[in-house]
Amino acid sequence: MALPGARARGWAAAARAAQRRRRVENAGGSPSPEPAGRRAALYVHWPYCEKRCSYCNFNKYIPRRMEEAAMQKCLVTEAQTLLRLSGVQRVESVFFGGGTPSLASPHTVAAVLEAVAQTAHLPADSEVTLEANPTSAPGSRLAEFGAAGVNRLSIGLQSLDDTELRLLGRTHSACDALRTLAEARRLFPGRVSVDLMLGLPAQQVGLWLGQLQELLHHCDDHLSLYQLSLERGTALFAQVQRGALPAPDPELAAEMYQRGRAVLREAGFHQYEVSNFARNGALSTHNWTYWQCGQYLGIGPGAHGRFMPQGAGGHTREARIQTLEPDNWMKEVMLFGHGTRKRVPLGRLELLEEVLALGLRTDVGITHQHWQQFEPQLTLWDVFGANKEVQELLERGLLQLDHRCVGGCRAEGAEAYQGALTTALHRPRRSEKD
């Protein structure tokens, strides 16, 4: 069956050719942080899963019946509508998340990319990422996603221990994960990311480090370490609450994280964000847009976005949340062209708080040039230079403030310096008008 539309076939073919030409020169470097006018990233939420994992509280559903043609049509319509409302002229990256988007048809992915390419400029070398679970992504299906325009995979491996995978409610085994990872690397060389969780109930540091060492024999050039967060309403939370499982030990989790960082550093990985590590320049362009407070559009049930709508005077960025429940979202899209349930204009301080909170997650922090794109009137020195709490953090070596940037020096000080910087940001200054 052919991909939908000659334009999609042409864009996907150009994207594959661009991927073959791409050779990243700056291993360990970071993408340019500069936002550019009407550029944005695009997030596409596929809300369906085969099964709800025991730790997950994301917006996802187990469908009794699902008309993918209707979902595809609504995703296309909402993408076109929000691109027009935002005035975005160039889409820098596309990320298909969920849920389990590898359960969707490659034709749905191709249709969304076609709609984006028709409504805005989608460069042939744009990063197009698809989240995939090992059990939903056999090699032949991964190849079809590649033909549809996907050029990067994010694989939810989570663990290489079958007992832990069962605890997490995953439907794959460690063997499934490694088999899928090998096939993904064959099809998308240098463009495969994997997730590994830490801080599970009763998890031991040495055994977890053994998993990480084993994964290094099989993984590509991007790896994410995520600490388990027990979320109210999940099966795992309930098990811990009633004493069926021990509560995760935060001290052990901190030790896993610190020792894991050292292992990855020794293996040539550069930690460019709190949870993300890359080598050979294989950074996530899409996620970097989030951390640099760039514009992004969220389409699909429950998706979030941050952009300045046309007609807003070019001054007010909005936080948008799409309707959560898929059937209600589809009804709204068919009626209005989009399913935006909530729009919140971001004030100046709210936006600057996001610049701080997200930028401090990265290795570059917030540079003076980047800050002035959001606050041209007050420099970082004006806001933080004379603040008592900031000075204390500088003296303790937890914070850096120099001619380049403001940034955190040690991960364990993150909450302290974010709190101090936010307090300083809200403190009135004589130069400000009432």
Side-chain angles (χ1 to χ4, degrees), residues 24 26-35 40-41 43 92-95 97 127 129 131 152-158 190-199 212 215-216 219-229 253-254 256-296 304 306 352-367 369-371 373-374 398-400 404-419 421-422:
V24 179
N26 58 331
S30 299
S32 169
E34 296 184 0
Y43 173 78
E92 304 271 72
S93 63
V94 182
F95 193 104
E127 180 187 274
T129 303
E131 289 184 340
R152 182 176 181 272
L153 293 177
S154 178
I155 298 179
L157 185 144
Q158 312 306 1
R191 305 282 286 177
V192 180
S193 177
V194 292
D195 299 344
L196 187 67
M197 294 185 71
L198 60 90
L212 180 57
L215 185 56
L216 288 174
C219 73
D220 208 334
D221 291 331
H222 193 281
L223 195 148
S224 300
L225 298 183
Y226 292 118
Q227 182 177 347
L228 171 69
S229 177
M256 289 178 199
Y257 177 68
Q258 295 294 3
R259 292 179 66 178
R261 293 173 68 205
V263 168
L264 290 172
R265 185 165 55 247
E266 182 68 22
F269 282 84
H270 168 70
Q271 184 177 14
Y272 70 103
E273 191 267 346
V274 169
S275 298
N276 287 274
F277 303 77
R279 60 187 174 191
N280 299 324
L283 314 187
S284 170
T285 300
H286 184 87
N287 286 341
W288 192 261
T289 297
Y290 296 156
W291 299 321
Q292 291 292 290
C293 246
Q295 291 195 119
Y296 59 96
H304 289 231
R306 295 282 193 281
L352 292 178
E353 282 180 354
E354 289 196 353
V355 173
L356 282 174
L358 294 170
L360 287 171
R361 294 182 62 90
T362 70
D363 64 324
V364 298
I366 302 104
T367 66
Q369 294 84 353
H370 182 62
W371 173 262
Q373 291 170 13
F374 297 93
L398 292 175
L399 190 70
Q400 170 184 322
R404 295 174 299 166
C405 67
V406 60
C409 297
R410 297 211 301 268
E412 59 268 29
E415 291 185 3
Y417 61 68
Q418 285 189 23
L421 292 178
T422 301

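Side-chain atoms are counted along with the backbone in the values below, which use heavy atoms only and exclude waters and symmetry mates.
Contact annotation: the side chain of Y226 approaches that of N276 to within less than 4.5 Å [non-hydrogen atoms, C-beta and beyond]. Two residues are said to be in side-chain contact when any heavy atoms from C-beta on lie closer than 4.5 Å; V263 and F269 fail this criterion. You'll find the side chain of R152 reaches within 4.5 Å of the side chain of S284, heavy atoms only.
For the side chain to side chain donor-acceptor pair (under 3.5 Å) test, residues two or more places apart in sequence or in another chain that qualify with S229 are E231.
Looking at V364, L358, L360 one by one, the single match for side chain to side chain contact (heavy atoms under 4.5 Å, CB included) with T362 turns out to be V364.
How far CZ of F277 is from CG of L264: 5.5 Å, rounded to the nearest 0.5 Å. Expressed to the nearest 0.5 Å, how far CZ of R261 lies from CG of L225 amounts to 10.0 Å. Atom SG of residue C219 and atom CG of residue L212 lie 8.0 Å apart, to the nearest 0.5 angstrom. Separating the CZ atom in R191 from the CG atom in D221 is a distance of 11.0 Å, to the nearest 0.5 Å. Between the CD atom in Q227 and the CE atom in M197 there is a gap of 9.0 Å [rounded to 0.5 Å]. Taking CZ of F374 as the start and CD of Q292 as the end, the distance is 8.0 Å to the nearest 0.5 Å.
Between E131 and G97 the shortest heavy-atom distance is OE1-CA, 3.3 Å. Minimum heavy-atom separation, A267 to L216: CB-CD1, 3.9 Å. Smallest separation of non-hydrogen atoms from Y257 and V274: OH-O, 2.7 Å. Residues G268 and R279 share a closest heavy-atom pair of O-CB, 3.1 Å. Listed here is the closest heavy atom pair of H222 and A282: CD2-O, 3.1 Å. In this structure, L196 and Q158 approach most closely via the heavy-atom pair CD1-O, 3.5 Å.
In summary, the aromatic rings of Y290 and H304 are positioned with their centroids too far apart to meet the 6.0 Å limit.
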Could you go step by step and tell me if Q373 and C293 meet the side-chain contact (heavy atoms from CB on, under 4.5 Å) rule? CA-CA 11 Å; Q373 291 170 13; C293 246; over 6 Å; no
Go through T129 and N287 one step at a time and tell me if the side-chain contact (heavy atoms from CB on, under 4.5 Å) criterion holds. CA-CA 10 Å; T129 303; N287 286 341; over 6 Å; no
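Remark: side-chain polar atoms of D220 are paired, donor with acceptor, to backbone N or O of G190 under 3.5 angstrom. When atom types are taken as modelled, the side chain of H286 and the backbone of E127 share no donor-acceptor pair closer than 3.5 angstrom.
Between Y272 and H270, the two ring planes are parallel [angle under 30°; tilted spans 30° to 60°].
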